[in-house]
Protein chains: 2
Amino acid sequence: MSERDSQPAKSGKRATINDVARVAQVSKKTVSRVINQSPFVREETRARVQEAIDELGFVPDPQARGLAFRRSFLVGMIYDQPSPTYVVNMQQGILDALKGSGLELVVHPCSRTSPTLLKDIRGFVERQRLFGVIMPPSVSEDETVIELLRELDTPYVRIASIALDQPQNMVVTNDWIGAAEAARHLVDLGHRRIALVRGLASFRSSVVRGQGFIDALKERGVNLPPAYDIQGAYTFDSGREAAHALLSLPEPPTAIFTLNDDMALGVMQAARERGLELPRDLSVVGYDDLPMAAHIWPNLTSVRLPIRDMGRMAAEKLLAPMRGVDPARLQQPEIRPSLVVRRSAIQV
Amino acid sequence: MSERDSQPAKSGKRATINDVARVAQVSKKTVSRVINQSPFVREETRARVQEAIDELGFVPDPQARGLAFRRSFLVGMIYDQPSPTYVVNMQQGILDALKGSGLELVVHPCSRTSPTLLKDIRGFVERQRLFGVIMPPSVSEDETVIELLRELDTPYVRIASIALDQPQNMVVTNDWIGAAEAARHLVDLGHRRIALVRGLASFRSSVVRGQGFIDALKERGVNLPPAYDIQGAYTFDSGREAAHALLSLPEPPTAIFTLNDDMALGVMQAARERGLELPRDLSVVGYDDLPMAAHIWPNLTSVRLPIRDMGRMAAEKLLAPMRGVDPARLQQPEIRPSLVVRRSAIQV
DNA sequence: CTGAAAGCGCTTACAG
DNA sequence: CTGAAAGCGCTTACAG
C-alpha cells in the first residue's frame with residue numbers, strides 16, 4: 001500500500017505523519033523536516049505542511065520519534081533530597097520549563113548509601129534512553145554518578161552550591177551570601193554571642209553556608225568560638241541536641257543560626273524544654289523558609305532559596321541545545337537566596 | 001540482511017531481541033513470547049532463551065515495545081493536591097509498587113479551576129499513551145476527568161474517601177473513622193465544648209471527616225451546635241480566622257478539631273494572639289500528621305493517613321492485569337487512619 | 001509449540 | 001530543497 005493510497009485517518013484514531021504527508025502532498029520526510037524545524041524546507045512548502053498539521057491536529061508520537069532518535073523525550077529527576085517541599089517545588093520548576101516542549105518528567109528518588117545506587121541509575125537512564133537528567137544536592141555532588149552519566153552519554157544538569165562542573169551542566173546557588181545575610185542580620189540586632197549549627201559535613205551546602213556565616217561575622221568584627229560551632233545533621237533531633245549543648249555553656253549564645261529549618265525547630269524545642277521564652281531569651285534563624293516557617297510561633301526568620309526557579313533554570317539548560325541555543329551563551333544569573341525576616345530573631 | 005547473519009552486538013551497544021534470537025537459535029518472535037511470558041513456549045526453549053537473555057544482559061527497549069503495543073510503560077500521577085508531603089509520599093508509594101516492573105512514574109500537577117484542565121490532561125494521556133493514571137483527591141473526585149480517561153481507554157485508579165467507582169478503580173480511605181477517633185479522644189479527655197473547623201466543602205474528605213466527627217460526638221452524647229461548626233478552606237489563614245470567631249463566642253470551646261494540620265497551626269496562632277496559653281487554655285487536634293506536627297510546640301495531636309501505602313496500593317491495582325491478577329479479587333484492605341496522640345490536646 | 005512477514009510511527013543516510 | 005528506501009526494536013496476525 002503506497003502512501004498516497006492510504007485511507008484518511010479514521011475519526012477516533014490519531015493522525016500520523018503519513019496522513020499529514022498525504023494532505024500536504026509531500027513526502028513524510030518533508031513533514032519530518034517541518035516537525036524538526038529543519039531549515040532546508042521552502043517557506044511555501046513549510047506553510048502547506050503546517051496547515052495540514054493543524055487541520056489534522058497532528059502530534060508526533062514521542063515513542064516512535066524516540067525509537068528512531070534513539071533517545072526518549074523524558075527528563076529524569078534523580079534525587080536523594082529528604083525535604084518534600086524542596087522536591088515538589090523543584091519538580092514544579094522543571095515542569096514550568098518543560099511545558100510545551102513535549103518532554104515529560106520522570107521522578108527517580110535514590111539513596112547515596114545504597115550499594116546498588118550506580119546499578120539502579122544505570123538501569124533507569126539506559127533503559128529509558130533519557131533525554132537528560134536533573135539532580136539537586138546531595139546526589140548532584142556525587143562524582144561517581146556524574147562519571148556514569150558521561151559514560152552513558154546522557155546530558156545532565158547539577159544543582160549545587162559550588163561550581164563543580166562546566167556552566168552548561170550547573171545551576172549554582174550562592175549559599176555563601178544567604179548565610180552571610182543571616183549573620184549580618186543577627187549582628188545588626190545587637191547580638192554578639194552567636195552560635196552556628198551546621199548540617200551534615202558531607203553536604204557542600206553545609207560547608208559553604210558555614211563559611212559564609214563565619215566570614216560575615218568576621219567582617220562585622222564578631223568571632224565564632226569553637227564551642228559555638230556545632231556539627232548537626234540537618235535533622236530536628238540534631239538541632240535539639242546542639243541547642244542543649246550550647247545553652248549549657250557557661251556563656252550561652254543569645255542567638256543561634258541553623259543551616260536548615262528542621263534544626264531551627266529542634267533548637268526552639270530545646271529552648272522551651274529549658275524554660276526559656278522565645279524569642280525573648282533566644283533568637284533563632286533558620287535556612288530553607290519552609291512553608292511552616294511563617295506558621296509557627298514565633299514565626300521563623302529564615303533564608304529562602306528560590307527552589308522552583310532553580311528547577312526551571314536547570315531544565316532550561318537541558319533544553320538549550322534542542323532550541324538551538326548555545327548552552328555556553330545561556331544567561332547564568334546567580335541564584336541568590338534572600339533573608340525573610342520574621343519574629344524569631346529580635347533585638348538583644 | 002537476515003537475522004542469522006547479523007553481527008554480534010558490538011560492546012557498548014545494547015543487545016536487541018535479534019541478538020538474543022541468534023544466540024538462542026530461535027526466531028525473535030519466540031524471544032518476544034518469552035519476554036511477554038506467553039504460555040505457548042516449550043519449557044526447554046524458554047530456558048535456552050532465558051539463558052541467552054541473561055548472557056547478553058538483554059533488556060527490552062520500552063520505546064520499541066511501546067510503539068508496537070500502542071501503549072507506553074509510563075504511569076501518570078495527576079494531582080492538584082497542595083501538600084508537598086502528601087505528594088512526595090504518594091510518589092514514593094507508587095514507586096515502591098512499580099519497582100522491578102519496568103514502569104516509570106511521570107508526574108503531572110494540574111489545577112481543577114484551569115479552563116484548559118481537560119485539554120491538558122487529554123494531551124498528556126493521549127500523547128504519551130499512558131499505561132495508567134493514578135489520582136489523589138481532589139482531582140480524583142472530578143467526574144469529567146474520569147469520563148475523559150474512559151473515553152481514552154486509559155486505566156486509572158482513584159484515591160478518595162468515598163467509593164466513587166468500581167473496586168478495581170478505587171483506593172478508599174476511611175476518613176470517617178479518623179475523625180471519629182479524634183472526637184472520642186477529645187471527649188475522653190473530658191471536653192464537652194468541642195468545635196469543628198472543616199476544609200473546603202468541595203472536597204469529599206471534608207464532608208466525610210466532618211460527618212465522622214459529628215457522629216462520634218453524638219455516640220458519646222455530645223452535641224455540635226451550629227456556632228461550633230465552622231467552614232474553613234484547608235489553609236492556615238482560614239484556621240486562624242475560624243479560631244478567632246470561635247474564641248469570641250460567649251461560650252468558647254475548650255477544644256478545636258481541624259480537618260487538616262495547616263488549619264490547626266492557624267488555630268494555635270489565633271489562640272496565642274489572644275493571649276491564651278497552649279495547651280492549657282485550648283486543646284487542638286489536627287488531621288494529616290505532617291512531619292512538623294511532632295516538631296512544633298506543643299506537639300500536635302493529629303490523625304495520620306498512610307499516604308505511602310495508599311500510593312503503593314493504587315499502583316498495585318494498576319499492575320494487576322499485567323500480572324495476571326484478577327483486579328476484582330485483589331485484596332481490598334480498608335485504609336484506616338490512626339490518631340497520633342501528642343501534647344496539643346490535654347485533660348480539661 | 002514455532003516462525004516469516006508486515007507493521008507500529010517516526011528518522012537517518014543517501015540520492016538527486 | 002525534496003524524496004524513496006531502509007531501519008530503530010519491538011509485536012500482531014496469520015500460517016503451519
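Side chains included, hydrogens not; waters and symmetry mates left out as well; all remaining heavy atoms used. What you are looking at is a predicted structure, and each value in this text was computed from that prediction instead of being measured.
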Round to a whole Å and report the spacing from [atom1] of [X] to [atom2] of [N].
X     : N      : atom1 : atom2 : value
A/L67 : D/dG7  : CG    : P     : 14 Å
B/R71 : C/dG9  : CZ    : C1'   : 17 Å
A/Q37 : C/dT11 : CD    : C1'   : 16 Å

Would you indicate which nucleotide in [options] comes nearest to any side-chain atom of [X]?
X     : options               : value
B/N36 : C/dT11, D/dT11, C/dC1 : D/dT11
A/K29 : D/dC10, D/dA4, D/dT12 : D/dA4
B/I35 : C/dT2, D/dT11, C/dT11 : D/dT11
B/T30 : C/dT2, C/dT11, C/dG9  : C/dT2
A/F69 : C/dT12, D/dC10, D/dG3 : C/dT12
B/R42 : C/dT2, D/dC10, D/dT2  : C/dT2
B/F40 : C/dT2, C/dC8, C/dC10  : C/dT2
A/A68 : D/dG7, D/dT11, C/dT2  : D/dG7
A/I17 : D/dC1, D/dT11, C/dT11 : C/dT11
A/S32 : D/dC10, D/dG3, C/dT11 : C/dT11

Could you check whether the side chain of B/R70 and the base of C/dG7 have a donor-acceptor pair of N or O atoms closer than 3.5 Å, going by distance alone?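 When only heavy-atom distances are counted, B/R70 does not reach the base of C/dG7 through any donor-acceptor pair under 3.5 Å.
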
Cationic N near anionic O, under 4.0 Å, B/R127 to A/E104: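 Yes, charged N to carboxylate O under 4.0 Å.
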
Using a strict 4.0 Å threshold on nitrogen-to-oxygen distance, state whether B/D165 and B/R150 make a salt bridge.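 Looking at B/R150 together with B/D165, the answer is yes, because their closest N to O distance falls below 4.0 Å.
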
Touch check for A/V59, heavy atoms < 4.0 angstrom, all strands: base, sugar-phosphate only, or nothing?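 If one applies the 4.0 Å heavy-atom cut-off, A/V59 turns out to touch the sugar-phosphate alone, with no base involved.
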
Under 4.0 Å between any heavy atoms, over every strand shown, what does B/F58 touch: base, sugar-phosphate, or nothing? Just pick one.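 Sugar-phosphate contact only - B/F58 comes under 4.0 Å of backbone atoms but never of a base.
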
Suppose we define a pair by two distances each less than 3.5 Å, Watson-Crick or G-U wobble; what does D/dA15 pair with here?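 Partner of D/dA15: C/dT2.
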
Taking OP1 and OP2 of C/dG3, is either one under 4.0 Å from a side-chain nitrogen or oxygen of B/S27?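 Yes, such a contact exists.
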
Pairwise 5' ranking along DNA chain C for A/R33 and B/A64, keeping only the more 5' one: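 The residue whose closest nucleotide sits nearer the 5' end is B/A64.
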
Position toward the 5' end of DNA chain C (nearest nucleotide), B/P39 or B/R129: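 Here B/P39 is the residue nearer the 5' end.
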
Return yes if some donor-acceptor pair links the side-chain N/O of B/R48 with the main-chain N/O of B/A24 below 3.5 Å, else return no.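 Judged by distance alone, yes, a pair lies under 3.5 Å.
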
Side-chain donor or acceptor of A/R312 paired with backbone N/O of A/A97 under 3.5 Å: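 Checking the backbone N and O of A/A97 against the side chain of A/R312, no donor-acceptor pair under 3.5 Å is found.
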
Can you tell if the side chain of A/M90 reaches within under 4.5 Å of the side chain of A/I159, non-hydrogen atoms only?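 A side-chain contact under 4.5 Å exists here.
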
